[in-house]
Enquirer: 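Here's a structure for you.
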Amino acid sequence: MKRYLIYFCLFICSLLLISCKSNDTSLDIDTPAGEQLQWGRQNQLPFFASNLLGSAFSNSTCGFFVGKDGAILSTTNAGESWQQQKSNTTEVLNCVSSPTKLFAIIAGNNGIILRTVDGGANWGRISSGTNAILYTVAFANTDTGIIAGADGLLIRTIDGGITWQQVNSNTTNSLRAIIFLDSKTAVAVGRNGVIIRSTDAGQSWTIIPSNSTSYFLALSFADPLHGMLSGASGVIYGTTDGGLTWTARISGSSSNLFAISYPSLTSCTAAGANGVALHSTNSGTSWDSKTIIVNKGISTIGFVSPSIGIAAGDGGLLLKTTDAGQTWYSVQPNSTSGWLYSVAFSTEQKGIAIGEYSTIVRTTNGGISWFLLPYIMPLNHLRGISFWDENTAVTVGEAGEIQFTSNFGTNWSKQKSSCVEYIYGVRCIGSSSAVAVGFGGKIIKTSNSGTTWTDASSGTVNHLFAVDFANSQKGSVVGLYGTILRTTDGGNTWANQSGITPYNLFAVYTPDESTIIAVGGFGTIIKSIDGGKTWHAQLSYTSNDLRAITGISTTDLTVTGENGTLLHSTDGGANWERQSFSTTNWLYGICKKGASSICVVGQNGTILSASK
């Protein structure tokens, strides 16, 4: 009750202070009954979020990826789309081998072994005779296979994985990677620099000196002679004699490298913690370092050809390369759990949403399905997006980031401006002009689709959060501490109309030349119908921060905000009704799509739609 009284007092005081220029600090009370829009989630929950740990391809298109929580994914088109398979277990699945399209063996924690002979439609549990952690599996053919695990454990099958017998590995070090070079020769690596080799299909094993105490984690061979291994603290070793001798290679990285793939004699890719990836085009003599995606560890890499490969890891991360590891893009639909800050539709069917760490998702069917686009480097937070036409758009964000696309987000090019701080909002005007606003009162403008951006004087040092234009000449900007700026010459000059409210204004909507509606902190909604000369408060019935506003028409308006706040008005904002859709995720972005529907984006990858 004390909180409500404080808000009420603030509200009354602001009315007395500004007279005809009024402000609403809002109260959390029941809203009047009113129209409820038809709300629904446009993106489903993340299609897959378990950590992926192991992978295997049987041919150039068919493969399996496995991981925590009994996760099994399969693909029949080289990773462009995925199907989740039922494992009937929640055990951690560490590895998989798939000698043929239909036959595969999976192994994991607590000695679990799963077997399929129908491409994964059904998985049967096989007795391993152990409760140890099983880290890696390899098959020489459909009959003979080896599984290696903790404390030097090796078990072997000669009947296609139906039965398994333990064999002597001659080591007590955990074995993390194993591979067959031909029907008889196999190599395994693991803890304390251990390397063991077999020439009788895994019946007996010999220790190979490595002169290392590093933890070897991954192993790959380009042919029976040339191989690479990777491990903790950026360790990489190479062999040119089938694993009999190994030489250290300088990787230039100190990250743990959990995965390595050597699909051809010249090309090799290693990857690991925090998305760090290393790429070599000269058999490991030198390495180029790059970060694929921030804070996402990569655990496994599988190449189906010298140029096409899939990397997988934490949180269901799935990335694909078609240029031998030089660049990567996401192949996981409906998968982002990152925060989305802004959304824009160029047509009723085509839309793009943007968010943290350069997250960009795109739809071409009105939001029925969304797909992650390749990440823009560096991985800055993206805060605003606007379209010039159906396929041409600009997005802005952290560290002065401005990115331009002319093919609906397939490719992006960086644009330069004088801004090196946050750019929070952008609005395209006409066919080639745009205005962007940001940190410290920054306003920049382009008249040539972003080829050049020039500064415009804002007259304020307050951060500016949003911009909107009613036409090519008349527009408004809002920002910190109730900052309101107005232009009537396309953004060349700006008049200060501040002093309406002390609260931050996060979004502005200008449906016509005279009407301006701004929303912001503590449920603030203010409206002008004379181009900003006078303002009137609107009662929002909430003290939550309001972050975005749009309208299907000048009277049909929707506002979103903190803690899942959804407000709707059918009378131009004279009355607002809280919408009944249940979510506690913050809702940051909103836009109109089509004649009678809107799209909303927000925290944890939330995408909502509503229609009349």
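What you see below is based on every heavy atom in this structure, not just the backbone, and it leaves out hydrogens, waters and symmetry mates. Numbers for residues simply follow the sequence, beginning at 1.
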Enquirer: State, with a plain yes or no, whether a side-chain heavy atom of C62 is found less than 4.5 Å away from one of T76.
Expert: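 Yes, side chains in contact.
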Enquirer: Would you call N77 and T75 a side-chain contact if the rule is heavy atoms closer than 4.5 Å?
Expert: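 A side-chain contact under 4.5 Å exists here.
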Enquirer: For the residue pair S514 and D530, establish whether any side-chain heavy-atom pair is separated by less than 4.5 Å.
Expert: no
Enquirer: Report the relative orientation of the aromatic rings in F465 and Y424; use parallel for angles under 30°, tilted for 30 to 60°, perpendicular for over 60°.
Expert: perpendicular
Enquirer: As a quick check of understanding, evaluate side-chain hydrogen bond (donor to acceptor under 3.5 Å, both in side chains) for T515 and D512, giving each step before the final call.
Expert: CA-CA 5 Å; T515 306; D512 57 45; 2.9 Å; yes
Enquirer: Are T487 and D489 linked by a side-chain donor-acceptor pair shorter than 3.5 Å?
Expert: yes
Enquirer: Measure up the Y357 and H381 rings against each other and bin them: parallel (under 30°), tilted (30 to 60°), perpendicular (over 60°).
Expert: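 Correct class here is perpendicular.
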Enquirer: State, without any angle test, whether N448 and T446 hold a side-chain donor-acceptor pair at a distance under 3.5 Å.
Expert: yes
Enquirer: Does a side-chain heavy-atom distance below 4.5 Å link S540 with L567?
Expert: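 Yes, side chains in contact.
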Enquirer: For N604 and T606, run side-chain hydrogen bond (donor to acceptor under 3.5 Å, both in side chains): C-alpha distance rounded to whole Å, both residues' side-chain angles, the deciding distance at 0.1 Å, then the answer.
Expert: CA-CA 6 Å; N604 296 326; T606 300; 5.9 Å; no
Enquirer: Is there a donor-acceptor contact under 3.5 Å from the side chain of W388 to the main chain of S433?
Expert: yes
Enquirer: Ignoring hydrogens and angles, tell me if any N or O in the side chain of T524 forms a donor-acceptor pair with the backbone of V519 under 3.5 Å.
Expert: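 No, because the side chain of T524 does not come within donor-acceptor range (under 3.5 Å) of the backbone of V519.
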Enquirer: Could you check if a side-chain atom of I607 sits within less than 4.5 angstrom of a side-chain atom of C599, using non-hydrogen atoms only?
Expert: yes
Enquirer: What I'd like to find out is whether the side chain of N471 reaches to under 4.5 Å of the side chain of E513, using heavy atoms alone.
Expert: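 The answer is yes; the side chains approach within 4.5 Å.
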Enquirer: Distance-only, no hydrogens or angles: does the Q497 side chain make a donor-acceptor pair with backbone N or O of L485 under 3.5 Å?
Expert: no
Enquirer: Measure the acute angle between the ring planes of F522 and Y503, then classify it against the limits of 30° and 60° as parallel, tilted or perpendicular.
Expert: tilted
Enquirer: Take a 6.0 Å sphere around NZ of K416 and say whether it holds more than 12 heavy atoms from other residues, nucleotides or ligands.
Expert: no
Enquirer: Answer yes or no for R547 and F506: cation-pi contact, defined as NZ/CZ to six-membered ring centre under 6.0 Å and angle to ring axis within 45°.
Expert: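 Flagged: R547 positioned over aromatic ring of F506.
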Enquirer: Is it the case that the side chains of T565 and N563 hold a donor-acceptor pair, with the cut-off being a distance below 3.5 Å and no angle test?
Expert: no
Enquirer: Begin from the C-alpha positions of S413 and N411 and carry the test side-chain hydrogen bond (donor to acceptor under 3.5 Å, both in side chains) through to its verdict.
Expert: CA-CA 7 Å; S413 59; N411 302 105; over 6 Å; no
Enquirer: Are any side-chain N or O atoms of Q538 and backbone N or O atoms of G573, one a donor and one an acceptor, separated by less than 3.5 Å?
Expert: yes
Enquirer: Heavy-atom distance under 4.5 Å between the side chains of F387 and T392, does that happen here?
Expert: no
